[in-house]
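Note sheet for the following structure.
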Number of protein chains: 2
Amino acid sequence: MNISTAAKLADLPVKTVRYYADIGLVVESGRSESGYRVYDDAALRKLAFIRKARAIGFSIDECRELIGLYQDSARSSADVKRIAGHRLEQIEAKQQELASLHHELSRLIASCRGDERADCPIIDFLG
Amino acid sequence: MNISTAAKLADLPVKTVRYYADIGLVVESGRSESGYRVYDDAALRKLAFIRKARAIGFSIDECRELIGLYQDSARSSADVKRIAGHRLEQIEAKQQELASLHHELSRLIASCRGDERADCPIIDFLG
DNA sequence: CTTGACCTTCCTGTTACTGGAAGGTTTATA
DNA sequence: TATAAACCTTCCAGTAACAGGAAGGTCAAG
């Protein structure tokens, strides 16, 4: 199938599929006579795999590792769990950071009258 | 004062101060004969203001607005509160997204034995 | 006078794409 | 059969907010 068909079936933009091919993440299975990219079912499955992994928040590099494991029948589930655990730690770190920001910012907003006067605790805090 | 002194006092990397000057966010107050950037106290205060605003998570464009309000004695606190409120909404949206990811990923991780066998619910989910 | 610590501009790389230009191919229709 | 629409290709630029580094000028100390 052509790239647009593969993209549609994998639920990815054509541009993204071409990008994944460029960086060697999911390469097309071949080329037509005229130079068009051709995708087979195996390549299609990889594209869909990547889309799901990206949706979970894995980086491209992590996806590269994951797809290696995906294709490696001799993989250990420990390897997969390690990568996923690392990603979970990143999520938790970001969550802590956001919670702290939310706390501080909502406190500032609550203390600001938000009227036409210049007096503003938010500016005071920053200045 | 020179850029390195200003950077130290504002607690910012020299590279960042130069970058802020390049994009017109905080321009140096002058140049020495030899072309060195010179910062006065007003510029220094702006740099420190920006550092704090960035730490709260405001984007450079939001910082541009905020520093405009910071210097505008006729500002209304409502304008500041609006920008801060917008940022708070972004934080909350990101928090929801992360909470959802955390939920899904921790569930997958918990169900994965993480041993030397290939069988892995994380891969199953992605594949 | 030379060494080292400054400073300058300019270029590249980062993440993961997206948009667009210029141009070739295929398919459907008039 | 001509042509227009809808594909496809490569390449370049831009996004956010810097960081690293090269090449080269400046300044203060010993």
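If you're wondering where the values come from, they're calculated on a predicted model, not measured in any experiment. Order of the sequence lines sets the chain letters (A, B, ...), proteins ahead of strands, with each chain counted from 1.
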Just N and O in the side chain of [X]: are any of them under 4.0 Å from OP1 or OP2 of [N]?
X       : N      : answer
A:Ser4  : D:dC8  : yes
B:Arg51 : D:dC18 : no
A:Arg31 : D:dC8  : no
B:Tyr36 : D:dG25 : no
B:Ser34 : D:dC27 : yes

Name the nucleic acid region contacted by [X], choosing base, sugar-phosphate or nothing; use a 4.0 angstrom heavy-atom cut-off, strictly under.
X       : result
B:Arg54 : sugar-phosphate
A:Ser59 : sugar-phosphate
A:Ile3  : sugar-phosphate

Atom-pair distance ([atom1] on [X]; [atom2] on [N]), nearest Å:
X       : N      : atom1 : atom2 : value
A:Tyr39 : D:dC8  : OH    : P     : 10 Å
B:Gln90 : D:dA16 : CD    : P     : 12 Å
A:Glu33 : D:dC8  : CD    : P     : 17 Å
A:Tyr19 : D:dA13 : OH    : C1'   : 15 Å
B:Ile23 : D:dA19 : CD1   : P     : 12 Å

Is any side-chain heavy atom of [X] less than 4.5 Å from a side-chain heavy atom of [Y]?
X       : Y        : value
B:Tyr39 : B:Leu44  : no
B:Phe49 : A:Ile123 : yes
B:Arg64 : B:Ile60  : yes

**Report entry** B:Pro13, nearest nucleotide to its side chain (from D:dG21, D:dA17, D:dA19)
**Finding:**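 Selected nucleotide (nearest to the side chain): D:dA19.
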Report task. Could you list all the side chain to side chain donor-acceptor pair (under 3.5 Å) pairs where at least one residue sits in residues 114-127 of chain B, not counting sequence neighbours? Result -> A:Ser77-B:Asp115, B:Arg113-B:Asp115, B:Asp115-B:Arg117
Report summary line: By nearest-heavy-atom nucleotide on DNA chain C, the more 5' of B:Val14 and A:Lys15 is B:Val14
Requested in this report: Taking all heavy atoms of B:Ala21 and all of B:Glu28, pick out the closest pair and write down the distance.
Outcome: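 Minimum heavy-atom separation between B:Ala21 and B:Glu28: CB-OE1, 3.4 Å.
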Query raised in the report: What are the 5'-most and 3'-most nucleotides of DNA chain C lying under 4.0 Å from any heavy atom of chain A?
Result: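 Taking any atom under 4.0 Å from a heavy atom of chain A, the span is C:dA16 to C:dT26.
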Query raised in the report: Quick one: side-chain contact (heavy atoms from CB on, under 4.5 Å) partners of B:Lys52, sequence neighbours excluded?
Result: A:Leu126
Query raised in the report: Does the side chain of B:Thr5 come under 3.5 Å of the side chain of B:Asn2 through a donor N or O and an acceptor N or O?
Result: no
Report summary line: Contacts of B:Asp61 and B:Ser32 projected onto DNA chain D by closest heavy atom; the upstream (5') one is B:Asp61
